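Got a structure for you, questions after.
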Amino acid sequence: MQKEILVTGGAGFIGSNFIEYMLRNTDYNITNVDKLTYAGNMLNMKDFSTDGRYRFFQFDIAIKEQLRMVFDRKYDAILNFAAETHVDRSIENAEPFIKTNIHGTLNLLNFVLQGKAKKLIQISTDEVYGSLNENDFPFTEKSPLSPNNPYSASKASADLLVRSYYQTYQLPVIITRCSNNYGPHQHTEKLIPKIITQALQEKEITLYGDGKNVRDWLYVEDHCRAIHKVLEQGQPGDLFNIGGACEKTNEEVASYILDLLGKSKDLITHVTDRKGHDRRYSINFGKIKTKIGWHPTFSFEEGIKKTIDWYKRKLG
Ligand code: NAD
């Protein structure tokens, strides 16, 4: 029998890439539920919106009565991508982050508990671990949760709820914590699309503080492949870090893209640092590599070139 999966947040960056990936690489039927906030985009779904194995509901996962309507069938798995995701917005107003990221996740857990889906994969982030200093070892799955902003705190809270449903009810749940993604479909408020689109238009590129904050970068298709493998091979209660082995400062990322586009570094300006700005993220993904056989395949050069091509086409 064909598998049925429920993807939440499939109009956003990673969710839409994941749906595209799964339609291409499996014969699964996919239901997508997305509220279509400012971050969700109908255009992200245009390449698969008419696929016979796909359907879409515009609902809010934080509203139980709406969410109930997508459970007209039993799912083999729920993949929870839906979230408020922009740290700066969470600093302005944390409330939507609490509603979607925590209440929304709780609703999904309760539907699994009622037997409406066989398992839940919670798509989390390395940001729940907080910040590292320059010479610290990368985060492992055993690193303590130490979130420093309302976004990461809401994601850490959701992770703890997911964990508690495993401990309390033996609910079949798995958590993945990935480093920074880049690729097609990402909102231009995020670092790499912002750098590319500003550079293409010869506009100023603002970097927080000294520009030396370090992130570990992973091309989105590699993340999608990791989640697919976790879906097939992960065991209830599993937790996996996913990373790109590609640490770069924000300034290095900006300079690299400007060089590729043949634009001047003078476009870069520095602005007052973000409040509570995490200095460095770094991920040890040895567990998923050993247990599931996943590792990143796209180099930063390949991934960035593909991403630039996509934004060039988008800008026309
Ligand atoms: P995104 O902001 O691009 O997309 C989020 C999607 O969720 C949007 O389509 C939005 O409309 C939808 N959404 C928001 N609130 C909703 C609600 N209440 N009900 C239904 N849909 C709702 O985010 P993204 O970058 O694609 O991230 C997806 C997931 O991956 C998030 O959970 C995020 O924490 C996690 N993650 C992201 C990254 C990254 O680098 N982007 C890295 C690691 C983990």
Side-chain angles (χ1 to χ4, degrees), residues 6-21 31-45 56-67 69-70 78-90 95-108 120-129 139 147 149-159 162 175-194 215-220 222-224 226-227 240-244 246 253 278 281 283 285 303 307:
L6 175 64
V7 171
T8 72
F13 165 44
I14 307 175
S16 61
N17 277 283
F18 181 73
I19 293 173
E20 215 168 284
Y21 177 90
T31 299
N32 176 11
V33 56
D34 195 297
K35 183 180 173 183
L36 292 182
T37 66
Y38 78 95
N41 193 333
M42 293 298 281
L43 284 178
N44 285 346
M45 305 186 284
F56 174 63
F57 292 96
Q58 185 180 352
F59 290 146
D60 184 337
I61 61 161
I63 302 177
K64 233 180 303 179
E65 296 67 34
Q66 289 191 3
L67 193 53
M69 289 189 269
V70 310
I78 301 173
L79 296 112
N80 184 24
F81 294 86
E84 289 290 340
T85 60
H86 194 40
V87 175
D88 290 346
R89 288 176 188 260
S90 79
E95 218 163 289
F97 290 73
I98 306 305
K99 284 202 179 109
T100 292
N101 301 2
I102 303 178
H103 289 280
T105 302
L106 179 65
N107 285 340
L108 293 168
L120 175 102
I121 317 279
Q122 173 70 0
I123 312 302
S124 188
T125 162
D126 62 354
E127 300 199 26
V128 298
Y129 296 123
F139 301 123
N149 58 64
Y151 161 65
S152 51
S154 68
K155 292 294 290 187
S157 306
D159 285 10
V162 172
I175 298 172
T176 62
R177 294 186 181 140
C178 191
S179 61
N180 282 52
N181 285 214
Y182 65 98
H185 300 185
Q186 192 168 26
H187 196 284
T188 50
E189 70 187 359
K190 303 286 170 58
L191 185 73
I192 286 185
K194 184 177 82 177
R215 300 294 180 258
D216 170 45
W217 292 100
L218 180 71
Y219 188 61
V220 65
D222 273 332
H223 189 190
C224 294
I227 297 167
F240 293 108
N241 282 351
I242 302 171
C246 179
V253 171
D278 288 336
Y281 304 137
I283 276 273
F285 58 89
T307 309

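All heavy atoms count here, side chains included; hydrogens, waters and symmetry mates do not. Just so you know, ligand 1 is whichever comes first in the structure, and atom 1 is the first atom listed for that ligand. All values derive from a computational prediction rather than experimental measurement.
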Checklist line | Donor-acceptor contact present, side-chain Asn44 to main-chain Ala11, <3.5 Å | finding: yes

Next item on the list: For ligand 1, indicate whether the residue Lys155 contacts it via side chain, backbone, both or neither (heavy-atom separation under 4.0 Å).
Entry: side chain

Item checked: Lys35 N/O under 3.5 Å from ligand 1 N/O -> yes

Next item on the list: Of the side chain and backbone of Tyr182, name the one, both, or neither that has a heavy atom under 4.0 Å from an atom of ligand 1.
Entry: neither

Note to self: Donor-acceptor pair, distance only, cut-off 3.5 Å: does the side chain of Asn101 make one with the backbone of Glu84?
What the structure shows: yes

Next item on the list: Measure Ile123 to ligand 1 on non-hydrogen atoms and call it side chain, backbone, both or neither using the 4.0 Å cut-off.
Entry: both

Notebook entry, point to check: Looking at atom 8 (C) of ligand 1, what's its closest protein heavy atom, distance included?
Noted result: Asp34 OD2, 3.5 Å

Check: Given Asp60, Val33, Asn181, Thr176, which one has a non-hydrogen atom that is nearest to atom 18 (N) of ligand 1?
Finding: Asp60

Next item on the list: Ignoring hydrogens and angles, tell me if any N or O in the side chain of Asn107 forms a donor-acceptor pair with the backbone of Ile61 under 3.5 Å.
Entry: yes

Next item on the list: Tell me which part of Tyr151 gets within contact of ligand 1: side chain, backbone, both or neither, using heavy atoms under 4.0 Å.
Entry: side chain

Note to self: Is there a polar contact, in the sense of an N or O pair closer than 3.5 Å, between Thr37 and ligand 1?
What the structure shows: yes

Notebook entry, point to check: Going by distance only, is there an N or O of Thr125 that falls short of 3.5 Å from an N or O of ligand 1?
Noted result: no

Margin query: Quick check on contacts: which atoms of ligand 1 are under 4.0 angstrom from a heavy atom of Asn180?
Written below: 40 (O)

Checklist line | Any donor-acceptor pair under 3.5 Å from Asn32 side chain to Gly10 backbone | finding: yes

Check: Who's closest to atom 5 (C) of ligand 1 heavy-atom-wise, of Gly104, Gly40, Ala83?
Finding: Ala83

Margin query: Just to confirm my output: which protein heavy-atom neighbour is closest to atom 4 (O) of ligand 1, and how far is it?
Written below: Gly12 CA, 3.4 Å

Next item on the list: Measure from the side-chain N and O atoms of Thr100 to the backbone N and O of Phe97, and report whether any donor-acceptor pair falls under 3.5 Å.
Entry: no

Margin query: Strictly distance-based, threshold 3.5 Å: is any side-chain N or O of Asn180 a donor or acceptor partner for the main-chain N or O of Asp216?
Written below: no

Checklist line | Leu36 versus Asp34, closest heavy-atom pair with distance | finding: N-OD1, 2.6 Å

Check: Given that the side chain starts at C-beta and the backbone is N, CA, C, O, which of these parts of Thr8 lies under 4.0 Å from ligand 1, counting heavy atoms, or is it both or neither?
Finding: neither

Item checked: For Ser124, all residues meeting side chain to side chain contact (heavy atoms under 4.5 Å, CB included), sequence neighbours excluded -> Val128, Lys155, Asp159, Ile175, Arg177

Checklist line | Phe139 and Tyr281 aromatic ring geometry - parallel, tilted or perpendicular at 30°/60° bounds | finding: tilted

Note to self: Could you tell me if the side chain of Ile19 sits less than 4.5 Å from the side chain of Met45, heavy atoms only?
What the structure shows: no

Note to self: Nearest non-hydrogen contact with atom 3 (O) of ligand 1 belongs to which option: Phe97, Phe18, Phe13?
What the structure shows: Phe13

Margin query: Determine whether a donor-acceptor pair (N or O, by modelled atom type, separation under 3.5 Å) exists between the side chain of Asn17 and the backbone of Pro184.
Written below: yes

Check: How does Ser179 reach ligand 1, by side chain, by backbone, by both or by neither, if only non-hydrogen atoms under 4.0 Å count?
Finding: backbone

Check: Which option, Phe81, Trp217, Tyr38, owns the non-hydrogen atom nearest atom 29 (C) of ligand 1?
Finding: Phe81

Notebook entry, point to check: For Ile61, is at least one N or O under 3.5 Å away from an N or O on ligand 1?
Noted result: yes

Next item on the list: Before signing off on this row, confirm whether His223 and ligand 1 have an N or O atom pair separated by under 3.5 Å.
Entry: no

Margin query: Show me which atoms of ligand 1 lie under 4.0 Å from any heavy atom of Thr85.
Written below: 1 (P), 2 (O), 23 (O), 27 (O), 31 (C), 33 (C)

Check: When you measure from the side chain of Ser152 to the backbone N and O of Pro147, does any donor-acceptor pair fall under 3.5 Å?
Finding: no

Next item on the list: Heavy-atom contacts with Phe59 under 4.0 Å: which atoms of ligand 1 show up? List them by number with element.
Entry: 19 (N), 20 (C)

Check: What residues, two or more places apart in sequence or in another chain, satisfy side chain to side chain contact (heavy atoms under 4.5 Å, CB included) together with Glu189?
Finding: Tyr38, His86, Arg89, His187

Note to self: Out of Leu36, Ile14, Asn107, who is nearest to atom 26 (O) of ligand 1 when you count heavy atoms only?
What the structure shows: Ile14

Next item on the list: Indicate yes or no: does an N/O atom of Cys178 lie under 3.5 Å from an N/O atom of ligand 1?
Entry: no

Check: Ser124 heavy atoms, cut-off 4.0 Å: which ligand 1 atoms fall inside?
Finding: 43 (C), 44 (C)

Check: Does an N or O from Thr100, backbone or side chain, lie closer than 3.5 Å to an N or O of ligand 1?
Finding: yes

Next item on the list: Would you confirm whether Thr8, through its side chain, and Phe81, through its main-chain N or O, come within 3.5 Å as a donor-acceptor pair?
Entry: yes

